[in-house]
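Have a look at the structure below, then the notes.
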Amino acid sequence: QRKNKKRVPSFRKLLKTSKVKLDNKLKNKQFKHQSVAKKYRKEQRKLRQAVKDVTSRTSVPLEEEYKTKHAAKRKEEEAEEEALPLDMMDEDDLKLMEDLAQKASFVTRDLSSSEPVHAKKRKQESVIGRYEKMPRRMQTEPEKELIHLLPIKDKSGIIPQTMEKPVIGVAQNEEDEDTEEMEVVEASSEEPQPVLTTDELLIQRRRKLQEKKIHIAALAAAILSDPENSIKKLKELRAMLMEQDPNVAVIVRKLVMVSLMEIFKDITPSYKIRPLTEAEKYTKVRKETQKLREFEESLVSQYKFYLENLEQTVKDWKQRKLKKSNVISLKAYKGLAEIAVKCLCELLVVLPHFNFHNNIIVLIVPLMNDTSKLISEMCCEAVKKLFKQDKLGSVSLGVVKVISGLVKSRNYDVRPEVLKIFLHLRIKEVEVKKDTEDITAKKKFMSYKEKRKNLSRMQRKWKKAEEKLERELLEAEASESKEKKLKLHTETLNIVFLTYFRILKKVQKSPLLPTVLEGLAKFAHLINVEFFDDLLVVLHSLIESGDLSYRESLHCVLTAFHILSGQGDVLNIDPSKFYSHLYRTLFRLHAGATNDDMVIVLQCLDVMLTKRRKQVSQQRALAFIKRLSTLALHVLPNSSVGILATNRILMQTFPKTDLLLDNEAQGSGLYLPELDEPECCNAQNTALWELHALRRHYHPTVQKFADHLIAGAPAEGSEALRPDLSRRSGTELFETYNMKGMTFNPPVASVTPRKKVLSLSTSFL
């Protein structure tokens, strides 16, 4: 016997073939049903055509009679004609017979045709005549087919039972459709529906809105409970962003936007999903892995479509563009755009690691310069939060690049708030303060000689395995390296300084200049030393030009001294012109609008005098203390507290300035208060008489500071300040006693109204 070489099919193959057979069987069954239906429709069509032909023809009894009587005679004549050979006839006789055959008589012609005999001759017959001669169609009912039922037996006998068979076919369906269309037309032609009242419309709207809310909540709950198996519901929820009901479209779209935002915040993974490579697509993986891949791919696509919908909503509002459907008005688009921007800002902050984050940055940054104050503030706050939580610096670098490109593309015509975002970068903290990696001592491993000396062979073997495991753990637990951070921060700062220097060079009269100077003051310690000379020259030229406001000039001074207090200590640069400028412009401050500039003045004094105490002469310190005491008389109480706190620090830093508390003159010359040079005003020949006026100030904190300074600013004793006042700087005290939005009630227990007025007048001398 021959051996059967055919292999037995596996179970998987059997399953596969059985599935193919079932599919073929199903297709054959469907094809058979289609063929039967097609054949039935064809028969019905023929039947209808036959009925139409019968009804269109009139009964002609003459034709039937003629056919019955002369049928046999015709057969005989035809047989004779066939039997008679034509070659036995003459040519003339044959021609005559052909002519007679063409001229048929009334008896020999077919009466079933309605066409006359000489139709060819009547070429110009009228249209009306032809229409009148056309046969009329008689409206006949089709024959009803009967179904014989079981008979009924009665006393009289057996009674047969029948019923009409319902005709189900194409004709019946067409007639039903025609009747439905006629009913719709008749319904539309009838009277219109009654108009609903306002209350009824509101009730109907509330009911629709409640149904939509329940539907949205059900979809969201189902998605959150099982995200991997609810992608279709996510699609359904996203499709509701295109709600077309004009009564509830705006509210439904807003609710769907916020719901999708919260859903994506919950179900997105904590890593970025990358697209699969071609090799990975065709690699066989486990069922769970394949299911996870499909879920991630669907999630990314739905997230992308959602972001595109939000972007399109914002663009439609910006372009004042209406859709063809006109479901939502232009006024409602503003509310939709605000919700869309809010969702984008939230996703920007919460999902900085996920896909399309750079696309969100590109969309949010231009909106920081938007004319709408609400949208601009939302975008700025989102970017600030993003800077605050960015520990590595890669996200901050992306935002800074987009902002720099925006400023340059708009030709530096942007709002100052856009550049103020740079002040919230965390670069200064990371650069100045060392990371925990640097503070914590690195673990030291034993060298080979130490192991050989102190451990046995078995112990060395175990020690080697232990150290290998510890190294792997350290690599796994370690955060991003400091080198990578420094590299990202350096690139970020280069872009920031490039933007600042371009504005200083090209648009010096721009409203962005105060923000630029403030930013330079914040990051001045990180500027390369090579740029210090040029930058100080530019700052001095800006001050001398006279085009700057007082606040801008103060920012220039603060920036210059921040530069000199950092790496600029090694440079031999004389900043006396900046001292003279600040000394000269101190009296521009008053109790009006410029009172807010006192913060910058106090910061300048701290950097110029306190931190550079070794480079400051006694004459300069005396001159500033005297002028600040005079200034404290005509500013608001919070400014007076800040000035007196600064004077206290200066008197403790420069002990020899206590000679201002003595009435005796020290040296020759008179004090020249109107002179603008602090070195030449002879401040050693005056006294701080302003402190006696400030002792009668209506603010109790100002009184305490005045008494404290008159006593020589002691650290201990009855005239010493409380710890909450002595441990705080002038800037902090200024912010603490700021009177914006506050009302202060002066004590009146031991002061009469007349004395109160006198004390107020002396305090403003």
Tell me, do [X] and [Y] make a side-chain contact under 4.5 Å, heavy atoms counted?
{"X": "Ser580", "Y": "Pro678", "result": "yes"}
{"X": "Leu539", "Y": "Thr559", "result": "yes"}
{"X": "Val407", "Y": "Leu419", "result": "yes"}
{"X": "Trp317", "Y": "Glu338", "result": "no"}
{"X": "Val538", "Y": "Lys505", "result": "no"}
{"X": "Cys380", "Y": "Ile421", "result": "yes"}
{"X": "Arg648", "Y": "Ser726", "result": "yes"}
{"X": "Val601", "Y": "Leu631", "result": "no"}

For Asp316 and Gln312, what are the C-alpha separation, side-chain angles and deciding distance, and is it a side chain to side chain donor-acceptor pair (under 3.5 Å)? CA-CA 6 Å; Asp316 291 343; Gln312 192 61 42; 3.0 Å; yes

As a quick check of understanding, evaluate side chain to side chain contact (heavy atoms under 4.5 Å, CB included) for Leu406 and Val402, giving each step before the final call. CA-CA 6 Å; Leu406 174 70; Val402 179; 5.5 Å; no

Tell me whether [X] contacts the main-chain N or O of [Y] through its side chain, where contact means a donor paired with an acceptor under 3.5 Å.
{"X": "Asn411", "Y": "Asp413", "value": "no"}
{"X": "Tyr412", "Y": "Arg502", "value": "no"}
{"X": "Asn369", "Y": "Val414", "value": "no"}
{"X": "Arg627", "Y": "Pro673", "value": "yes"}
{"X": "Thr686", "Y": "Ala683", "value": "no"}
{"X": "Glu552", "Y": "Ser549", "value": "yes"}
{"X": "His634", "Y": "Ala591", "value": "no"}
{"X": "Thr515", "Y": "Lys420", "value": "no"}

Check the pair Asp597 / Arg588 against salt bridge (Lys or Arg N to Asp or Glu O under 4.0 Å), numbers first and verdict last. CA-CA 10 Å; Asp597 299 334; Arg588 292 190 187 179; over 6 Å; no

Do Thr731 and Asp606 have side-chain N/O donor and acceptor atoms under 3.5 Å apart?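 On atom types as modelled, these side chains do not qualify, holding no pair under 3.5 Å.
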
Among side-chain atoms of Ser617 and Glu679, is any donor-acceptor pair under 3.5 angstrom?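 A donor-acceptor contact under 3.5 Å links the two side chains.
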
First locate atom [atom1] of [X], then atom [atom2] of [Y], and finally report the distance between them rounded to the nearest 0.5 Å.
{"X": "Ile625", "Y": "Met651", "atom1": "CD1", "atom2": "CE", "answer": "6.0 Å"}
{"X": "Lys487", "Y": "Ser394", "atom1": "NZ", "atom2": "OG", "answer": "13.0 Å"}
{"X": "Asp662", "Y": "Gln684", "atom1": "CG", "atom2": "CD", "answer": "13.0 Å"}
{"X": "Asp658", "Y": "Leu709", "atom1": "CG", "atom2": "CG", "answer": "12.0 Å"}
{"X": "Ser372", "Y": "Lys334", "atom1": "OG", "atom2": "NZ", "answer": "5.0 Å"}
{"X": "Thr646", "Y": "Leu609", "atom1": "OG1", "atom2": "CG", "answer": "9.5 Å"}

Using the rule given for side chain to side chain donor-acceptor pair (under 3.5 Å), can you reason through Thr499 versus Ser404, listing the C-alpha separation, both sets of side-chain angles and the distance that settles it, and then say yes or no? CA-CA 6 Å; Thr499 306; Ser404 178; 3.2 Å; yes

Centre-to-centre under 6.0 Å for Phe523 and His562, is that the case here?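 Ring-ring flag for Phe523/His562: false, centres at least 6.0 Å apart.
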
Taking all non-hydrogen atoms of both residues, which atom of [X] and which atom of [Y] are closest, and how far apart?
{"X": "Leu548", "Y": "Cys556", "value": "CD1-SG, 3.7 Å"}
{"X": "Ser376", "Y": "Arg415", "value": "OG-NH1, 2.9 Å"}
{"X": "Phe578", "Y": "Leu536", "value": "CZ-O, 4.1 Å"}
{"X": "Ser639", "Y": "Asn595", "value": "OG-OD1, 2.5 Å"}
{"X": "His708", "Y": "Pro714", "value": "CE1-O, 3.0 Å"}
{"X": "Cys379", "Y": "Val341", "value": "SG-CG1, 3.8 Å"}

Report the residue from Arg728, Arg727, Arg722 that forms a salt bridge (Lys or Arg N to Asp or Glu O under 4.0 Å) with Asp724.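 With Asp724 as partner, Arg728, Arg727, Arg722 yield a single salt bridge (Lys or Arg N to Asp or Glu O under 4.0 Å), made by Arg722.
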
Considering only NZ, NE, NH1 and NH2 on the basic side and carboxylate oxygens on the acidic side, decide whether Asp596 and Arg551 come within less than 4.0 Å.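 Salt bridge flag = no for Arg551 with Asp596.
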
Using a strict 4.0 Å threshold on nitrogen-to-oxygen distance, state whether Glu677 and Arg584 make a salt bridge.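 No, this pair does not count.
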
Set of salt bridge (charged side-chain N to carboxylate O under 4.0 Å, His left out) partners for Glu491, sequence neighbours left out: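 Result, salt bridge (charged side-chain N to carboxylate O under 4.0 Å, His left out) vs Glu491: Lys401.
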
Lys626/Glu690 under salt bridge (Lys or Arg N to Asp or Glu O under 4.0 Å): CA gap, chis, key distance, verdict: CA-CA 9 Å; Lys626 175 61 179 176; Glu690 295 88 357; 2.9 Å; yes

Please lay out, stage by stage, how Leu733 and Phe705 fare under the test side chain to side chain contact (heavy atoms under 4.5 Å, CB included). CA-CA 12 Å; Leu733 290 171; Phe705 267 102; 3.8 Å; yes

Determine which pairs satisfy ring-ring contact (aromatic ring centres under 6.0 Å, His included) with at least one residue from residues 579-610, sequence neighbours left out, and list them in order.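 The answer is Phe561-Tyr579, Tyr583-Phe624.
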
Would you call the rings of Phe497 and Phe501 parallel, tilted or perpendicular if under 30° counts as parallel and over 60° as perpendicular?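 Judged by the thresholds at 30° and 60°, the geometry between Phe497 and Phe501 is parallel.
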
Side-chain atoms of residues 382-390: list all donor-acceptor pairs with protein atoms under 3.5 Å, sequence neighbours left out, distances to 0.1 Å.
residue: Gln389; atom: NE2; partner: Val349; partner atom: O; Å: 2.6
residue: Asp390; atom: OD1; partner: Gly393; partner atom: N; Å: 3.2
residue: Asp390; atom: OD2; partner: Gly393; partner atom: N; Å: 3.3
residue: Asp390; atom: OD2; partner: Ser396; partner atom: N; Å: 2.9
residue: Asp390; atom: OD2; partner: Ser396; partner atom: OG; Å: 2.6

Trace of the side chain to side chain contact (heavy atoms under 4.5 Å, CB included) decision for Leu691 with Leu644: CA-CA 9 Å; Leu691 297 178; Leu644 293 178; 4.1 Å; yes

Applying side chain to side chain contact (heavy atoms under 4.5 Å, CB included), run through Val557 and Ser553 and close with a yes or a no. CA-CA 6 Å; Val557 174; Ser553 64; 5.7 Å; no

State which residue, out of Leu344, Ile360, Ile339, fulfils the side chain to side chain contact (heavy atoms under 4.5 Å, CB included) condition with Leu310.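 Going through the options one by one, the only one that passes is Leu344.
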
